[in-house]
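A, B, ... follow the sequence lines: proteins, then strands. Residue 1 opens every chain.
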Protein chains: 2
Amino acid sequence: MAVDTLETRELRYFVAVAEELHFGRAAERLGMAQPPLSRAIQQLERRIGVSLLERNRRGVSLTGAGEVLLHEGRAALDATTAAAHRTRRAGGADSPGGPRNRLVLAVKAAGSHELLQKLLDAYAAAPDAAEIEVLPSGLCEQEGMLRDGRADVALMHAPFNSLAGFDSEELMTEGQIAILPAGHLLAARKTLSLADVSDVPDLPLARWPRHGTYTPGPGPEIHDQTQLAQLIALGRTVAVFPDSARAWLWAEHTAVPLTDAPPVVTHIAWPAHSRSLALAGLIRTAAQL
Amino acid sequence: MAVDTLETRELRYFVAVAEELHFGRAAERLGMAQPPLSRAIQQLERRIGVSLLERNRRGVSLTGAGEVLLHEGRAALDATTAAAHRTRRAGGADSPGGPRNRLVLAVKAAGSHELLQKLLDAYAAAPDAAEIEVLPSGLCEQEGMLRDGRADVALMHAPFNSLAGFDSEELMTEGQIAILPAGHLLAARKTLSLADVSDVPDLPLARWPRHGTYTPGPGPEIHDQTQLAQLIALGRTVAVFPDSARAWLWAEHTAVPLTDAPPVVTHIAWPAHSRSLALAGLIRTAAQL
DNA sequence: GTCCTGTCATACCCGGTAGGTATCACTGAG
DNA sequence: CTCAGTGATACCTACCGGGTATGACAGGAC
């Protein structure tokens with residue numbers, strides 16, 4: 001094989017090891033035994049002629065080149081699975097009616113329903129409107145959905161999602177609020193600052209995954225919005241959300257505006273190289289909202 | 001293998017067939033026999049559950065899904081080889097002194113030397129300047145160099161290069177000129193329009209590859225700038241170039257401004273997901289030019 | 001109609017290699 | 001010193017990627 005050609009399998013293996021920093025766990029995640037994984041990584045290092053991992057006395061760490069390959073390899077794997085996903089959709093293998101003109105729009109499940117509804121209504125009125133499948137995603141997963149081709153287009157929220165590599169159009173800007181248990185001391189305040197809510201001893205800030213991993217901290221790890229709502233209602237945590245989150249607050253919650261939180265900008269984003277006419281129509285509609 | 005995982009090898013094979021639209025030629029290009037290639041494509045179609053090629057009585061054509069996979073597959077292959085290239089450079093495998101802080105800048109060999117010199121001088125004066133390796137490329141190849149990781153950053157020229165998927169910064173705008181044999185009738189004119197030069201019977205417009213393929217037309221196919229210069233000098237062709245091409249004109253050439261040609265915008269462009277500090281410094285320098 | 005040619009598919013075989021199991025070598029903790 | 005935990009090595013097997021030979025089929029020439 002040419003020395004500048006990596007196999008998808010090799011990239012998958014390396015990314016797994018680089019993320020786990022542990023051959024055993026990585027092998028388990030990959031559903032294989034540890035020795036062939038070790039060997040595959042060694043072959044990879046020999047092939048590209050670069051050392052990717054430091055094997056220390058206890059465990060593994062990334063070299064500089066390893067960090068580059070982790071980063072670039074993830075992008076390459078995303079592009080590869082995106083090719084598979086989009087091809088399958090274009091062929092209509094997952095839509096029983098055959099290859100229809102259909103777009104998959106990824107949205108944050110906890111996001112503003114209002115903006116989405118306006119967009120869908122406006123687009124449905126367009127003359128050549130394609131069918132839109134709305135794909136609700138977890139708290140910050142639209143970005144991954146778009147990168148690996150599960151979606152054709154997404155509503156994303158800067159600065160939480162990175163728009164790098166996508167084309168995008170700005171739709172809306174809003175402030176952020178702190179969502180507190182209604183009975184809490186801070187809930188009585190008219191406004192709050194980030195410092196006010198980030199270091200409350202009895203109310204640790206909720207954490208949710210960014211790009212698959214949780215930031216370390218004392219607060220609870222959040223998997224979905226309902227769980228978060230419950231934890232807040234129980235007085236166990238506090239969360240910071242865009243203003244439109246008011247739509248799903250419970251009676252047990254209190255929203256207090258944050259004065260110094262960065263504004264959240266909602267964009268409609270799509271792969272920069274996309275050539276879909278249906279997508280172009282949707283974007284035009286969105287830009288005119 | 002999971003159904004949404006394509007191997008690099010499969011993508012390479014499919015892209016070759018999709019570009020050649022002929023199994024035999026594609027197999028030859030891939031350095032293999034035709035039957036295993038046929039089988040590999042069939043397996044690929046079965047795996048993703050979509051028909052990619054129409055096998056007609058005589059030859060092959062792409063289905064809609066096939067066109068999608070050609071497009072997305074090229075991007076995925078580029079991302080994969082980019083991972084290999086950038087990793088190898090990060091490890092210093094091709095720079096004998098080890099993993100140095102070095103950036104590869106792709107430029108059009110026939111481009112403006114002046115702007116490049118200014119950029120390099122300004123950056124060299126920066127406090128933490130990395131080593132810049134200037135990689136001269138063919139007439140429109142910088143884009144490919146950047147996409148497949150042979151370069152870290154490039155000077156690109158809209159509208160000839162597509163900036164899709166890159167971050168970029170505008171550097172310069174210039175008009176276009178027609179480069180004619182000095183003795184030709186049109187060379188006496190003060191200005192010309194595109195229509196004037198595009199249909200001259202005795203002077204067909206030169207053609208050079210865009211993304212690897214030549215546009216059809218009567219004019220000669222150009223491989224490098226010297227060859228083009230010679231053909232013009234011999235009175236065999238005419239070419240349209242940005243204004244800065246005046247720098248390499250011969251005595252046998254005449255440059256005439258074009259009134260209705262789109263302006264050419266030179267950008268500095270880099271992969272949107274890049275994290276290199278050295279690159280950030282170069283971009284900052286370029287933006288201040 | 002009958003060739004003949006060009007094209008992709010099928011049949012069958014072989015060797016390389018990806019993956020498994022068993023084990024080793026090393027290092028820190030107790 | 002022993003033991004637990006880690007990655008590397010040795011060795012074997014089975015699969016599959018690739019090769020050659022050939023088939024099936026469609027047009028074109030006449």
Side-chain angles (χ1 to χ4, degrees), chain A residues 1-3 5-63 65-66 69-70 73 77 80 84, chain B residues 1-3 5-63 65-66 69-70 73 77 80 84:
Chain A
M1 186 187 333
V3 69
T5 311
L6 301 183
E7 284 303 319
T8 305
R9 183 179 52 85
E10 299 179 293
L11 284 177
R12 251 195 353 257
Y13 289 2
F14 175 75
V15 168
V17 174
E19 285 179 354
E20 300 284 348
L21 291 177
H22 189 290
F23 279 80
R25 280 196 301 274
E28 188 182 8
R29 197 173 108 183
L30 293 165
M32 65 188 291
Q34 169 259 319
L37 179 58
S38 280
R39 203 183 42 190
I41 300 290
Q42 288 175 66
Q43 285 175 351
L44 176 62
E45 287 181 300
R46 261 209 318 279
R47 271 250 313 287
I48 58 182
V50 158
S51 150
L52 301 170
L53 299 167
E54 299 277 1
R55 281 86 162 168
N56 328 22
R57 35 287 191 105
R58 212 152 191 87
V60 183
S61 63
L62 286 172
T63 65
L69 186 57
L70 175 58
L77 285 176
T80 305
Chain B
M1 186 186 335
V3 68
T5 311
L6 301 183
E7 284 303 319
T8 304
R9 183 179 51 84
E10 299 179 293
L11 285 177
R12 256 197 344 261
Y13 289 2
F14 175 75
V15 168
V17 173
E19 285 179 353
E20 300 284 347
L21 291 177
H22 189 290
F23 279 81
R25 281 196 301 275
E28 189 181 9
R29 197 173 107 182
L30 292 165
M32 66 188 292
Q34 169 260 318
L37 179 57
S38 281
R39 202 182 44 188
I41 301 290
Q42 287 176 67
Q43 284 174 352
L44 176 61
E45 287 180 301
R46 260 208 319 279
R47 271 251 311 287
I48 57 182
V50 157
S51 150
L52 301 170
L53 299 167
E54 301 277 0
R55 281 90 162 167
N56 327 22
R57 33 286 192 108
R58 213 150 192 88
V60 183
S61 63
L62 286 173
T63 65
L69 185 57
L70 174 57
L77 285 176
T80 305

| field | All salt bridge (Lys or Arg N to Asp or Glu O under 4.0 Å) counterparts of A:Glu19, not counting sequence neighbours | value | A:Arg29, A:Arg74
| request: Round to a whole Å and report the spacing from CD of B:Glu28 to P of C:dC8. | output: 13 Å
| Between C:dG6 and B:His22, is there an OP1 or OP2 to side-chain N/O distance shorter than 4.0 Å? | no
| Just to confirm, is there a sub-4.0 Å distance from OP1 or OP2 of D:dA8 to any side-chain nitrogen or oxygen of A:Arg55? | yes
| query | What's the CG-P distance between A:Leu21 and D:dT6, to the nearest Å? | reply | 13 Å
| Whole-Å distance separating the CD atom of B:Glu10 from the P atom of D:dG18 | 10 Å
| request: Sequence neighbours left out, what passes salt bridge (Lys or Arg N to Asp or Glu O under 4.0 Å) with A:Arg55? Give chain and number order. | output: A:Glu45
Scan nucleotides 21-23 of chain D against the protein and return all N/O pairs shorter than 3.5 Å with their distances rounded to 0.1 Å.
none

| Considering residues at least two apart in sequence or located in another chain, which fulfil the side-chain contact (heavy atoms from CB on, under 4.5 Å) criterion with A:Ala40? | A:Tyr13
| Which residues share a side chain to side chain donor-acceptor pair (under 3.5 Å) with A:Thr8, sequence neighbours left out | B:Thr8
| field | Atom-pair distance (CE on B:Met32; P on C:dG16), nearest Å | value | 17 Å
| said: Short of 4.0 Å, heavy atom to strand atom, which residues of residues 38-46 of chain B count as contacting DNA chain D? | reply: B:Arg39, B:Gln43
| said: Just so I know, are the side chains of A:Phe14 and A:Leu6 near enough to count as touching, which here means a heavy-atom distance under 4.5 Å? | reply: no
| request: Could you tell me whether the side chain of A:Arg12 and the main chain of A:Leu77 form a donor-acceptor pair under 3.5 Å? | output: no
| Is the shortest heavy-atom distance from the side chain of A:Arg47 to the side chain of A:Glu10 under 4.5 Å? | yes
| When rounded to the nearest 0.5 angstrom, what distance separates CG in A:Leu30 from CZ in A:Arg9? | 11.0 Å
| message | I need the CD-C1' distance between B:Glu20 and C:dC8, as an integer number of Å. | response | 16 Å
| What is the distance, rounded to the nearest whole Å, between atom CG of B:Leu30 and atom P of D:dG17? | 15 Å
| remark: By nearest-nucleotide position on DNA chain D, the 5'-leaning member of A:Pro36 and B:Arg9 is A:Pro36
| field | Rounded interatomic separation in angstrom, taking CZ from B:Phe23 and C1' from C:dT10 | value | 14 Å
| query | Side chains of B:Leu62 and B:Leu69: closer than 4.5 Å at any heavy-atom pair? | reply | no
| field | Gap between atoms CD and P, on B:Glu7 and D:dC16 respectively (whole Å) | value | 13 Å
